[in-house]
Amino acid sequence: MIPFDDALRQILAAAPLMGSERVALGAAAGRVLAEELIAHTPLPTFDYSAMDGYAVAHRDFEGDGPWIFSVRGESRAGGPLVTLERSSVCRIFTGAPLPAGADAVVMQEDVTRERELAKFEQRPPVGAHIRRRGDDLAEGAVALDRGTRLTGFHLGLAAAVERSELLVARRPRVAILCTGEELRAPGSLATPGSVPDSNGPSLAALVSSAGGIAELMPRTRDDMEATQQALRAALHSADLLLTVGGVSVGEHDLVRAALESIGAELEFWKVQIKPGKPLAFGSFGRTRILGLPGNPVSAQLTFSIFGVPLIRAMQGDRKPLPVRGRARLARNFRQKPGRTSFYRATLAGDTVDLAQNQASGSTASLAYADALVIVPAEVEELAAGDSVELIRLAEL
Ligand code: AMP
Ligand code: MG
């Protein structure tokens, strides 16, 4: 049995990197950048006005005010480049190029306009309300680092530096193999003792939000030969294989033995965590294998903790781990020490309340949880108001 931190380290250290592919900008959200994105043009590319108002030359404001100038010409967004005439001002609008010879913009709220004349009470400082070429990013600067998981904000920046396509990591193919005689398709005819397969759809969704391509394999019976065959089929084209169920110590828990019998190498199969103690990790050639426990909460939770970061690391993500936050406990709490524990909890402001039902079979408690509170293995008790570490489930 290995400690939580060691297990996570071992899983991430072995992450095999995917190749890369070019995708249109519109398809790049959620993908991981596989190139260093250089700004080949400065951002912005020209000096422009940040306000609707008047472009002026600072030196024209001689002596004491107020100053009256005639208004000559106009610069508007997308319009032609204009030149500021001597001892006059030029009408200008937000986003419009700064006229040649102008060095400040006065916003129209500060100007009194009478026909072709404009009156100014204040002398504007040089540079007022001007966005300079290269202010945001210099030409040749790194706009985005390799390994950035792309959000809409990153795509906005990529577009601003003229990119219509990006090189991103290939999405890992993730085969999901659920095992158990009792499983059937949700909504199908119920026979006594049967249960709908809830892990399959849940894990498939978690895989794709982590950037993987999920492939749900046909469910398999608890039979050695059938399990071996199903494993071979699932390993065939996958970068990562998730098995679900059958990794415990019962007579019908065949997955570990079946994996070893077909030549997979397992690095560990027990981790000091709760829930989810039976958790296998290994590989078959270049394919990584995560053997998840079958209990829905254990399966989905261990996948969130270990599988999501692994899929991200396989894409070269520089920050594969979920961001951890902190909150204060709503109530006193005790646990049996010995394993790093992950408690389902709800959040209200910066107060966190552990769910009453922490049973590993309680699918409802996981669906209703906002966060997983992480309690270190050695802790025995905590008091209301104590600060605890957590992962927000929406930010997985
Ligand atoms: P196992 O790890 O195979 O011993 O399964 C532990 C518990 O989880 C049993 O109650 C199973 O019926 C249940 N279980 C296993 N796989 C699934 C699944 N895919 N969907 C829902 N429940 C499952
Ligand atoms: Mg089973």
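Because only heavy atoms are used, hydrogens play no part in the values below, and waters and symmetry mates are left out as well, while side chains stay in. Start at 1 and go down the list; that is how both ligands and their atoms are numbered. Counting from 1, the numbers follow the sequence of the chain as shown.
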Following the transitive rule for hydrophobic clusters with a side-chain heavy-atom cut-off under 4.5 Å over Ile, Leu, Val, Met, Phe, Trp and Tyr, establish whether Phe268 and Leu266 coincide in one cluster.
no
Do the non-hydrogen side-chain atoms of [X] and [Y] ever get within less than 4.5 Å of each other?
X: Thr287; Y: Leu240; value: no
X: Phe120; Y: Val56; value: yes
X: Asp239; Y: Met314; value: yes
X: Arg132; Y: Leu98; value: yes

List every atom of ligand 1 that sits less than 4.0 Å from any heavy atom of Pro196, numbering the atoms from 1 in the order shown and giving each element.
20 (N), 21 (C)
Run the numbers for me: atoms of ligand 1, each under 4.0 Å from some heavy atom of Asp197, listed by number.
18 (C), 19 (N), 20 (N)
To the nearest 0.1 Å, how far is [atom] from its closest protein heavy atom, and which atom is that?
atom: atom 3 (O) of ligand 1; value: Gly246 N, 2.9 Å
atom: atom 11 (C) of ligand 1; value: Glu182 OE2, 3.0 Å
atom: atom 10 (O) of ligand 1; value: Asn295 OD1, 4.5 Å
atom: atom 15 (C) of ligand 1; value: Gly294 O, 3.3 Å
atom: atom 21 (C) of ligand 1; value: Ser198 OG, 3.3 Å
atom: atom 22 (N) of ligand 1; value: Pro296 CG, 3.7 Å
atom: atom 17 (C) of ligand 1; value: Asn199 ND2, 3.3 Å
atom: atom 4 (O) of ligand 1; value: Asp253 OD1, 3.7 Å

Check the side chains of Arg328 and Ser387 for a donor-acceptor pair under 3.5 angstrom, ignoring hydrogens and angles.
no
Whether Gly180 lies under 4.0 Å from ligand 1, heavy atom:
no
Do any N/O atoms on Val195 end up under 3.5 angstrom from N/O atoms on ligand 1?
no
So, does Asn295 use its side chain to make a donor-acceptor pair with the main chain of Ser298 at under 3.5 Å?
no
Under 6.0 Å from the six-membered ring centre of Tyr54 and within 45° of its axis: does the NZ or CZ of Arg91 meet both?
yes
